[in-house]
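Have a look at the structure below, then the notes.
Note that this is a predicted model, so its numbers are computed, not measured.
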Amino acid sequence: MRAHVLYELQPDATLSVCVWCSGDMPTCWLVSEDDRHKPIQLLHYLTHTLGRGPETKIKDQKCSRQQVELTANCNRGFVTVKQLGSNPTSLDDVVVGKGNQVTFKPGQKLYLVNHLYPYTLLFREDSSPVSTPEDRSRAMKRARQGDAQEERDEDNAKIFRISQPSCSTSTVRPQITQSPTAVRVSAAPWNQGLKVSMQDPNMQVYKDEKVVVIKDKFPKARFHWLVLPWDSISSLKALRHEHVELLRHMERVGEHMVQQCHRSNTLHFRLGYHAIPSMSHVHLHVISQDFDSPCLKNKKHWNSFTTEYFIQSQDVIVMLERDGHVKVKDDVSELLKLPLRCHVCHKEQGTMPKLKEHIRLHLLP
DNA sequence: GTTCTAGAAC
DNA sequence: GTTCTAGAAC
């Protein structure tokens, strides 16, 4: 979806320097080899579901509306492909298989279904959506360079992480508008990442005069957004009675995000705040309850969304209206150490892999 | 917040 | 030997 309000760039506007988000990373494009449609951009680490429909112009009933799930790693130059549909998706001549995941690299061909509808990958250093024979030849060249280059890229990434801990750095492109609260950042500490991401137009999926919505950079479910106020409010502790209307607005915007989601009829969502968030700047989580995500990795992740560590938006608003502040229990962090328990049937699971396997059983097919 | 990795658990 | 967790570093 498009942002609802775009601010005009003021001549003296301070341009953000992104140390947290995608910055100078190459952009990733999925190129239809039979020229059915223009290249589709795959955003770094954001799951993109592809199948029959207007986006691909595929009408073939053998192709599911959600045939594959694609997740690009723009830093390392590959895309993971998970087959969701029943009929075979294949990478070159190898069938992926329903539920299986493979790594798709430039030079390879992905056939969406039944060895039809071929796609290739293109990684570009700029984000302009073009697809020329030169691009394709460059993509092929990159592919031919093979694993050795990938290793070098990985090494570069390692070196870069040491000097720039959060991520790559880039000035925001001048044609893109800035919010009124743009900040100058040269090397933000990791816990200031949201302040940077929320200013980045490439991350914004909605904005209005009070709030901005971004996709969580490491989503813990199929759909995971963060609603942030433009006003700098560091945490729940800083909230006062005067913020009630802002929080109500954040909740309404969160509900709006759910409503516009094509899976809102089949997925349950929760809206809430972490009792003690790691990242600075108040943010409302809007998260689908499938918890089907490779970024969901450990007990802290799980318990932060499935115990009372996750405080429902409405409860925060009620507390604020009633008491004028939000009270968080002193020992709330202990909740993060609780045994892993399924959020649907409450059955305890011994390890994260077992929990993740278990919660898949509760997913609709 | 993530990544990395030592060492515990299996 | 492999899997998994948890704590340090960033």
Does [X] have a side-chain nitrogen or oxygen under 4.0 Å from the phosphate oxygens OP1 or OP2 of [N]?
{"X": "A:Lys297", "N": "B:dT3", "result": "yes"}
{"X": "A:His301", "N": "B:dG1", "result": "no"}
{"X": "A:His285", "N": "B:dG1", "result": "yes"}

Only counting residues at least two apart or in another chain, list the ones meeting salt bridge (charged side-chain N to carboxylate O under 4.0 Å, His left out) with A:Asp34.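 If we apply the salt bridge (charged side-chain N to carboxylate O under 4.0 Å, His left out) test to A:Asp34, skipping adjacent residues, the hits are A:Arg36.
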
Who are the salt bridge (charged side-chain N to carboxylate O under 4.0 Å, His left out) partners of A:Lys337, not counting sequence neighbours?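 Listed in chain order: A:Glu334.
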
Listing time: all N or O pairs from protein to nucleotides 5-10 of chain B that are below 3.5 Å?
none

Examine A:Ile276 and A:Leu284 and state if one hydrophobic cluster contains both, with Ile, Leu, Val, Met, Phe, Trp and Tyr joined whenever side-chain heavy atoms are less than 4.5 Å apart.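 Linked within one cluster.
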
Treat each ILVMFWY residue as a node, draw an edge where side-chain heavy atoms are under 4.5 Å apart, and state whether A:Phe310 and A:Leu236 are in one component.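 No, because A:Phe310 and A:Leu236 fall into different hydrophobic clusters, even though each may have its own neighbours under 4.5 Å.
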
Can you check whether A:Phe218 stacks with the B:dG1 base, using ring centres under 5.5 Å and planes within 30°?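 Check failed, A:Phe218 does not stack on base of B:dG1.
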
Can you give the dot-bracket line for DNA chain B, where a pair is Watson-Crick or G-U wobble with both atom distances under 3.5 Å, crossing pairs use [ ], and | marks a partner on another strand? ||||||||||

Side-chain donor-acceptor pair present, A:His249, A:Asp208, cut-off under 3.5 Å: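 Present: a donor and an acceptor within the cut-off.
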
Just to verify, what does A:His285 make a ring-ring contact (aromatic ring centres under 6.0 Å, His included) with, not counting sequence neighbours?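 With neighbours one apart ignored, the set is A:His224, A:His274, A:His283, A:Phe305.
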
Which residues, if any, of residues 352-361 of chain A bring a heavy atom under 4.0 Å of DNA chain C?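 A:Met352, A:Pro353, in order of number.
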
